[in-house]
Amino acid sequence: MTETSASEAGAVAPPEQEPSAGGLRGAWSRVSGPALGTWSAISLVVGLVADIAEPVAPFAMNLLALSILLLLLCLAGMSSAKLRAKAGTAAIFSGIAALVFGTIVLGQQAVPGNEGEERGVAASYIDPLAGLQNAILPISDDARAMLEFSSAISHGSDTMRAVEARDRISQTKDPLLRRGMIEALYETRRPPLRQLAISMAFAERDNDSLTLLPTGDSKLARELVGEPLYISDVDLASGALRMAWNGRRSEGTVARGEVVFPLTIVRDNQRRQVEVRLTAKDGFELSGTARLADGESAAVALPLF
């Protein structure tokens with residue numbers, strides 16, 4: 001064996017260097033578990049504070065948008081070899097924040113009615129947090145009253161909610177605040193509470209004219225145009241209505257989100273009764289049909305305010 005061969009045989013090959021991991025997988029492997037846990041906890045605390053401050057401004061939604069923007073910027077920065085490692089680590093942290101804030105925003109959307117969007121998901125379900133909101137947030141007296149009203153009608157049986165809503169609305173003197181409470185009650189979408197909201201909206205219009213709005217150009221639609229509808233009496237307990245239209249009195253009912261009442265028209269020198277059946281729709285409006293006994297009908301709507 002030659003001297004050169006011996007030296008080659010005795011030489012130890014240098015260890016292969018492991019290439020640095022790139023992309024999000026490499027960034028994830030470089031971030032320690034405690035760091036991830038700490039950041040997740042910080043994101044959760046910030047998200048809950050933003051959720052509790054929801055009556056002031058939509059902080060949770062703003063934080064979600066900001067974290068998504070940062071995530072997109074970090075992903076774009078990973079296209080540069082010089083920035084890949086730092087941008088990947090930042091993408092991990094901003095992604096965790098986006099996940100936390102997104103969960104809170106989805107929770108707000110999932111709360112029945114508008115309470116989640118108005119006061120946040122935590123205060124919607126945890127009464128002490130609702131009380132904390134009312135005590136510390138820098139909001140007006142009217143906004144505070146609306147928060148307390150929303151909290152009062154969000155828990156308990158439908159009967160208890162209806163009693164609480166009726167009492168609070170009856171004790172409120174400001175007409176605009178009363179209207180806001182009635183609309184909040186209507187937006188719960190729970191049939192017994194909507195029935196009360198519709199009845200109270202009619203009671204607010206006592207001896208004030210409402211306008212029945214027919215659509216289309218049918219003969220019946222033209223006959224219903226122009227005459228104001230007057231509410232003279234509302235029984236909040238039963239939903240019974242007394243009203244007048246075209247100089248003639250009639251009685252109707254509000255039940256489970258539906259309003260039914262008769263009207264009388266004169267056609268060919270004969271009185272004919274029209275049944276109006278309206279259903280509660282989003283936007284604080286009733287819509288449905290007006291129908292004669294022979295089946296002739298016209299679509300109609302009745303704005304409540």
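Within the 4.5 Å cutoff, no side-chain heavy atoms of Glu223 are placed close to those of Ser218. Put simply, the side chain of Arg291 does not reach to within 4.5 Å of the side chain of Val274, judged on heavy atoms. Side-chain contact between Leu241 and Thr253 is absent, with no heavy-atom pair separated by less than 4.5 Å. Within the 4.5 Å cutoff, the side chain of Glu285 has heavy atoms near those of the Pro303 side chain. Contact of the Leu286 side chain with the Ile198 side chain is registered, since non-hydrogen atoms from C-beta on lie closer than 4.5 Å. The side-chain heavy atoms of Asp142 and Asp174, taken from C-beta on, include a pair separated by under 4.5 Å.
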Please output the side-chain donor-acceptor pairs of residues 47-65 that fall under 3.5 Å, not counting sequence neighbours, one pair per line with the distance.
{"from": "Asp51", "atom 1": "OD1", "to": "Gln108", "atom 2": "NE2", "distance (Å)": "2.7"}
{"from": "Asp51", "atom 1": "OD1", "to": "Val121", "atom 2": "N", "distance (Å)": "2.9"}
{"from": "Asp51", "atom 1": "OD2", "to": "Val121", "atom 2": "N", "distance (Å)": "3.3"}
{"from": "Asp51", "atom 1": "OD2", "to": "Ala122", "atom 2": "N", "distance (Å)": "2.8"}
{"from": "Glu54", "atom 1": "OE1", "to": "Gln108", "atom 2": "NE2", "distance (Å)": "3.3"}
{"from": "Asn62", "atom 1": "ND2", "to": "Pro58", "atom 2": "O", "distance (Å)": "3.3"}

Return all side-chain donor-acceptor pairs below 3.5 angstrom for residues 92-102, not counting sequence neighbours, or 'none' if the list is empty.
{"from": "Ser94", "atom 1": "OG", "to": "Ala90", "atom 2": "O", "distance (Å)": "3.0"}
{"from": "Ser94", "atom 1": "OG", "to": "Ala91", "atom 2": "O", "distance (Å)": "3.1"}

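The shortest heavy-atom contact between Ser199 and Val234 is O-CG1, 3.4 Å.
A search for salt bridge (Lys or Arg N to Asp or Glu O under 4.0 Å) contacts involving Arg205 returns Asp208, not counting sequence neighbours. Partners of Thr264 under the side chain to side chain contact (heavy atoms under 4.5 Å, CB included) rule, at least two apart in sequence or in another chain, are Arg248, Arg271. Every residue was checked against the salt bridge (Lys or Arg N to Asp or Glu O under 4.0 Å) condition with Asp235, not counting sequence neighbours, and none meets it.
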**Asked** Stepwise, does the side chain to side chain contact (heavy atoms under 4.5 Å, CB included) test hold for Met200 with Ser170?
**Response** CA-CA 9 Å; Met200 298 198 82; Ser170 299; 4.3 Å; yes
**Request:** Take Thr172 and Phe149 through the test side chain to side chain contact (heavy atoms under 4.5 Å, CB included) and record every step on the way to the result.
**Result:** CA-CA 11 Å; Thr172 301; Phe149 179 81; over 6 Å; no
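Here CG of Leu229 is found 9.0 Å from OG of Ser209. Values are rounded to the nearest 0.5 Å. Atoms CD1 and CG, from Ile182 and Leu196 in turn, are 8.5 Å apart once rounded to the nearest 0.5 Å. Taken from CG in Leu73 to CE in Met78, the straight-line distance is 13.5 Å, to the nearest 0.5 Å. The OG1 atom of Thr188 lies 7.5 Å from the CZ atom of Arg161; values are rounded to the nearest 0.5 Å. A distance of 10.5 Å separates CD1 in Ile169 from CD in Glu164, rounded to the nearest 0.5 Å.
Each ring-ring contact (aromatic ring centres under 6.0 Å, His included) pair with one or both residues in residues 268-294, not counting sequence neighbours, appears once here: Tyr186-Phe284, Phe284-Phe305.
Hydrophobic clustering places Ile104 together with Ile42 (ILVMFWY residues linked when any side-chain heavy atoms are closer than 4.5 Å, directly or through intermediates). Under a hydrophobic clustering in which Ile, Leu, Val, Met, Phe, Trp and Tyr are joined whenever their side-chain heavy atoms come within less than 4.5 Å, directly or via other members, Val259 and Tyr230 fall into different clusters. Note on Leu213 and Leu263: separate hydrophobic clusters, where clusters join Ile, Leu, Val, Met, Phe, Trp and Tyr whose side-chain heavy atoms are under 4.5 Å apart, directly or indirectly. Under the 4.5 Å side-chain heavy-atom criterion for Ile, Leu, Val, Met, Phe, Trp and Tyr, Leu220 and Leu302 are members of the same hydrophobic cluster. Hydrophobic clustering (side-chain heavy atoms under 4.5 Å, transitive across Ile, Leu, Val, Met, Phe, Trp, Tyr) groups Leu278 together with Ile265.
Annotation: Arg222, atom CZ; neighbour count of heavy atoms from other residues, nucleotides and ligands within 6.0 Å is above 12.
With respect to Glu258, the side chain to side chain contact (heavy atoms under 4.5 Å, CB included) criterion is satisfied by exactly one of Arg277, Arg194, Gln195: Arg277.
For Arg179 and Glu204, the salt-bridge test fails: no basic side-chain N is under 4.0 Å from an acidic carboxylate O. Contact check on Glu251 versus Arg242 returns a salt bridge, with a Lys/Arg side-chain nitrogen under 4.0 Å from an Asp/Glu carboxylate oxygen. Residues Glu296 and Arg267 are paired through a salt bridge, judged by an N-O separation under 4.0 Å between the basic side chain and the carboxylate.
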